[in-house]
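Single-structure report; data block below.
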Amino acid sequence: MADASLPRRDLLKGLACTPLALAARGIGRRALPRVDEIAREFATLDRAAAFARLAELRRLGLSPREALGAVLLAGITEIRPRPVGFKLHAVMMVASAHDIVQRCPERARWLPVFWNLGDLKRAQERDVAEGDWRLEPAGPGTTAPDAVSRLEAAVRADDADPEDVDRTCRDAFVSADADEAFDALWPRAVGDYHNLGHKPIHAAQCRRALDHLGWQHGEPVLRGVAFALIAPGNERARAAEAAVGKAAASLRAGWADGACEPGAARTILARLRPCDAEAAVRAVATASGEGASAATLWDAMRLRAIELLYNRPGLLAVHPLTALNAFRTIAARTARETTRRAALLQCAAWLGNYRGDLRVGDGARALDALTPLATDDPPERVFTIAAEDRDAAMRAALHHAATPPGRAALGEAASAVLVRKAREHHDYKFAAAVLAEAAVAHEAVAPFLLAGACSYLRHAGEPDSPDVTAALRSMAV
């Protein structure tokens with residue numbers, strides 16, 4: 001994990017020409033380098049050359065999935081993951097880009113890939129200016145039955161040793177599968193409110209991206225995530241852990257069972273509005289004790305997360321929802337009951353933190369008081385209306401989202417606008433998160449999520465992003 005010198009990059013730039021030239025002489029997929037080789041090329045080329053290379057690989061048969069895997073590997077090895085956030089978003093948005101690609105028609109599905117590659121190059125420029133960090137190549141790991149437990153102990157230590165963590169990551173990689181290895185990381189991720197909660201977001205996004213990349217490439221990803229998770233924070237970062245631990249132990253048997261009751265979710269939403277972190281933990285634990293299912297609790301917190309954005313539209317306010325999406329991902333993927341309980345309750349705690357950080361007071365606007373605006377316009381018109389009147393767009397979205405076809409059409413329209421207009425990595429992260437959460441929310445809750453999201457989502461009146469313009473030019477050559 002040592003800093004790299006600039007001559008290393010100069011050397012690799014020369015080496016990167018070799019697979020490029022070989023691929024240019026080949027035909028079809030036989031000419032394609034491995035994903036890790038493409039990652040090394042992307043890491044060493046400037047933006048224009050990287051875009052040209054991606055366009056060439058696309059013509060040779062590379063898939064968006066493979067291209068995004070290469071972006072992930074390049075980012076995880078070339079971008080210093082501390083503090084967790086900022087330039088690291090080029091890595092954190094890869095899984096979101098995968099999600100949006102799957103929602104795009106064939107003609108647009110490469111635009112998220114080019115955008116993510118452009119974001120990687122911008123992040124690398126910042127990383128070079130800040131010292132040119134690199135995740136160094138690792139030696140082989142050792143198969144050991146206790147590798148996962150040792151990794152969990154190493155990352156949870158208050159004085160975690162980066163070299164020890166790195167060694168145990170290598171052992172865990174060869175000793176366990178992806179879910180087993182990440183189960184060692186989730187406890188540290190969910191308990192640390194570092195930089196507005198980016199640790200669980202980063203860990204969950206990387207785990208989801210590995211579904212597409214494959215665990216055979218997981219070693220640097222596991223090492224990079226672990227190095228990010230042990231970044232020191234302030235006293236507040238882990239302040240809610242004790243309250244969460246106490247409440248988690250008291251959750252009733254069968255707390256996770258049952259369907260959502262949307263009326264109960266709105267009641268819990270009202271309880272959460274005045275809560276700081278510890279009060280929010282108590283409110284969710286109390287609601288569970290009164291019989292609320294986990295599905296009801298998650299829907300209540302979804303509503304609260306979007307309500308915070310509804311009251312303070314802007315970049316910082318997307319984090320309640322993207323963090324919730326990460327917590328739900330962790331709860332769904334872990335094999336451990338303790339982690340599942342902690343993810344639910346830490347999410348509640350962080351909604352209380354966000355309330356204070358975003359300065360949303362008790363007199364804020366209630367999302368569930370939003371009323372639909374009946375219209376004969378098609379759902380995609382919502383994103384045209386948003387250019388002039390966000391409130392009208394939200395109300396029109398609430399109208400369309402009342403039916404499954406309307407929700408699907410809104411998601412398609414939001415994705416179509418996003419891939420042309422994205423200006424910032426949170427555009428992808430937030431859009432993918434809200435569409436994912438709306439897909440699993442109760443049908444009476446999902447419309448409010450999509451409507452509230454329109455206070456932030458890109459609208460049709462914005463110009464195309466420079467990366468899109470450059471991507472279209474590269475693909476036309």
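For Asp99, the side chain to side chain donor-acceptor pair (under 3.5 Å) partners two or more places apart in sequence, or in a different chain, are Arg208. For Arg109, there are no side chain to side chain donor-acceptor pair (under 3.5 Å) partners two or more places apart in sequence or in a different chain. Residues that satisfy the side chain to side chain donor-acceptor pair (under 3.5 Å) test with Asp36, not counting sequence neighbours, are Arg34. For the ring-ring contact (aromatic ring centres under 6.0 Å, His included) test, residues two or more places apart in sequence or in another chain that qualify with Phe173 are Trp215. When the ring-ring contact (aromatic ring centres under 6.0 Å, His included) test is applied to Phe448, no partner is found at least two apart in sequence or on another chain. Listed by chain and number, the residues in a side chain to side chain donor-acceptor pair (under 3.5 Å) with Arg47 are Asp467 (sequence neighbours excluded). The ring-ring contact (aromatic ring centres under 6.0 Å, His included) test applied to Phe383 returns no partner, not counting sequence neighbours. By the side-chain contact (heavy atoms from CB on, under 4.5 Å) test, Arg420 pairs with Leu111, Asp464, Val468, Leu472, sequence neighbours left out.
Nearest heavy-atom pair across Ser288 and Leu251 is OG-CD2, 3.7 Å.
Residues Glu261 and Ser293 bring no donor and acceptor atom of their side chains to less than 3.5 Å of each other. With hydrogens and angles left out, the side-chain atoms of Asp119 and His425 include a donor and acceptor closer than 3.5 Å.
Among residues at least two apart or in separate chains, ring-ring contact (aromatic ring centres under 6.0 Å, His included) pairs with a member in residues 102-125 are Phe51-Phe114, Trp115-Tyr428. The stretch residues 382-393 participates, sequence neighbours left out, in these salt bridge (charged side-chain N to carboxylate O under 4.0 Å, His left out) pairs: Arg365-Asp391.
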Under 3.5 Å, which donor-acceptor pairs link side chains of residues 83-94 to any protein atom two or more places apart or in another chain?
residue: Lys87; atom: NZ; partner: Glu130; partner atom: OE1; Å: 2.7
residue: His89; atom: ND1; partner: Phe86; partner atom: N; Å: 3.2
residue: His89; atom: ND1; partner: Phe86; partner atom: O; Å: 2.8
residue: His89; atom: NE2; partner: His198; partner atom: NE2; Å: 3.1
residue: His89; atom: NE2; partner: His426; partner atom: NE2; Å: 3.1

Please tabulate, for side-chain N and O atoms in residues 405-417, each donor-acceptor pair with protein atoms closer than 3.5 Å (sequence neighbours left out).
residue: Arg407; atom: NH1; partner: Ala401; partner atom: O; Å: 2.9
residue: Ser415; atom: OG; partner: Gly411; partner atom: O; Å: 3.0

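Residues Val101 and Leu68 have side chains in contact (heavy-atom distance under 4.5 Å, counting atoms from C-beta outward).
One finds no salt bridge joining Lys121 and Glu125 here, because no Lys/Arg side-chain nitrogen approaches an Asp/Glu carboxylate oxygen to under 4.0 Å. Between Glu437 and Arg328 a salt bridge is recorded (basic side-chain N to carboxylate O distance below 4.0 Å).
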